[in-house]
2 protein chains.
Amino acid sequence: MEACNQDEHHSPQSVVAEPSVQQLERTAALFKALGDPARLALLYRLRQGERCVGDLVGDDKLSTVSARLQTLLNANLVTRRRDARHLYYQLADQHVVELFENAIAHANEKTLIQGD
Amino acid sequence: MEACNQDEHHSPQSVVAEPSVQQLERTAALFKALGDPARLALLYRLRQGERCVGDLVGDDKLSTVSARLQTLLNANLVTRRRDARHLYYQLADQHVVELFENAIAHANEKTLIQGD
DNA sequence: ACGACATTACATCGAATATTGGAATGTTGA
DNA sequence: TCAACATTCCAATATTCGATGTAATGTCGT
């Protein structure tokens with residue numbers, strides 16, 4: 001069995017320094033939260049500014065949207081503040097937008113061949 | 001009910017131009033594939049160069065690792081080439097590394113408070 | 001073509017996750 | 001404090017996902 005070591009370049013560029021198990025888990029959790037079209041759509045709408053839950057309810061149930069926002073909140077992708085009876089959600093930071101756009105770019109790039 | 005439009009800044013910066021449903025789905029699929037510690041660990045190991053499946057089997061079953069690689073392949077995160085009986089997997093592009101590192105950075109940044 | 005080996009494909013099962021209705025919580029204005 | 005409203009919490013159900021054993025595929029050397 002074992003017999004195909006390649007070991008090409010020991011690139012010391014782009015150093016992340018051995019991600020720990022915890023780091024991997026956190027990062028995976030972050031990606032997992034991003035891994036749903038409905039949640040991505042929410043994030044996208046939040047790019048235009050903060051919104052309260054009621055504003056974000058489309059055809060979905062309120063509790064559904066609330067749960068999605070909760071997921072994004074747990075992943076630190078959004079923050080929220082209360083104003084009167086409303087809870088306003090907002091993107092956590094510009095970082096998120098970048099991740100988002102990078103991913104869309106990558107996703108498009110890699111699927112050009114297969115036509116849209 | 002409906003009554004809390006905010007509409008802050010119509011930021012024309014960072015333009016992704018209305019992601020279509022398909023784009024959202026693809027992007028979500030990409031993130032979903034990244035949303036697992038074991039798969040991230042595989043990607044991390046592939047940063048050092050291409051590896052065949054046998055080399056990547058740790059304590060896990062071969063079929064398990066193969067399935068993970070398949071998931072990454074479907075998401076266009078890795079490519080593979082055949083050499084004799086071995087299939088060598090490789091990161092699809094530098095894009096992937098960037099996404100990965102951005103995410104780790106974000107994940108760390110956002111959890112500093114809670115101690116490691 | 002045959003036997004050995006590397007890897008994938010399929011089917012299954014248990015675990016994790018999403019959706020949703022309804023009850024509970026918190027906030028406001030009177 | 002009470003009524004109305006915005007949102008979350010909880011529990012049940014439905015769906016999706018990951019790990020894995022086994023069968024199948026593909027490749028090599030002879």
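Given the structure is predicted, the values throughout are model-derived calculations rather than measurements. Protein chains get the first letters and strands the later ones, always in sequence-line order, with residue 1 at the start of each. Atom set for the values below is all heavy atoms of this structure, side chains included, hydrogens, waters and symmetry mates excluded.
In terms of modelled atom types and a separation under 3.5 Å, the side chain of B:D93 and the main chain of B:V96 share a donor-acceptor contact. Remark: side-chain polar atoms of A:R45 are not paired, donor with acceptor, to backbone N or O of A:R47 under 3.5 angstrom. Remark: side-chain polar atoms of B:R39 are paired, donor with acceptor, to backbone N or O of B:A33 under 3.5 angstrom. Of the possible polar contacts, one joining the A:Q23 side chain to the A:S20 backbone as a donor-acceptor pair under 3.5 Å is found.
Contacts with DNA chain C (heavy atom under 4.0 Å) in residues 59-71 of chain A: A:K61, A:S63, A:T64, A:R68, listed by number. The stretch residues 27-42 of chain A comes close to DNA chain C through A:K32, A:R39, each having a heavy atom under 4.0 Å from the strand.
When rounded to the nearest whole Å, the span between CZ of A:R51 and P of D:dA6 equals 17 Å. Spacing between atom NE2 of B:H86 and atom C1' of C:dT8 amounts to 15 Å, rounded to whole angstrom units. With rounding to whole Å, B:R80 atom CZ is found 12 Å from D:dG26 atom P.
Rounding to the nearest 0.5 Å places CZ of B:R26 at 10.0 Å from CG of B:N76. Between the OG1 atom in B:T79 and the CG atom in B:L73 there is a gap of 8.0 Å [rounded to 0.5 Å].
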Cut-off 3.5 Å, no hydrogens considered: what does the side-chain donor-acceptor table look like for residues 63-72 of chain B, sequence neighbours left out?
residue, atom, partner, partner atom, Å
B:R68, NH1, B:D60, OD2, 3.2
B:T71, OG1, B:A67, O, 3.1

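Rounded to 10 degrees, the angle separating the terminal helix axes of the helix from C:dA1-D:dT30 to C:dA30-D:dT1, each built from five base pairs, is 40°.
Among residues two or more places apart in sequence or in another chain, the ring pair (Phe, Tyr, Trp, His ring centres under 6.0 Å) test is passed with B:Y89 by none.
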I'd like to know whether B:L34 forms a side chain to side chain contact (heavy atoms under 4.5 Å, CB included) with B:L43, so could you lay out the CA-CA distance, the side-chain angles of the two residues, the decisive distance to 0.1 Å, and finally the verdict. CA-CA 9 Å; B:L34 288 166; B:L43 285 180; 3.4 Å; yes
Generate the contact string for nucleotides 24-29 of chain C. Rules: B means base contact, S means sugar-phosphate contact only, - means no protein heavy atom under 4.0 Å. ---SSS
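The nearest pair of heavy atoms linking A:T27 to B:A107 is OG1-CB, 4.0 Å. A pairwise comparison of heavy atoms in A:C52 and A:Y88 identifies N-CD2, 3.6 Å as the closest pair. The two residues A:P37 and B:E25 come nearest to each other via the heavy atoms CG-CG, 4.0 Å.
OP1 and OP2 of D:dT7 both lie 4.0 Å or more from every side-chain N or O belonging to A:Y88.
Each of A:R80, A:H86, A:R81 was compared with A:E50 under the side-chain hydrogen bond (donor to acceptor under 3.5 Å, both in side chains) criterion, and only A:R81 meets it.
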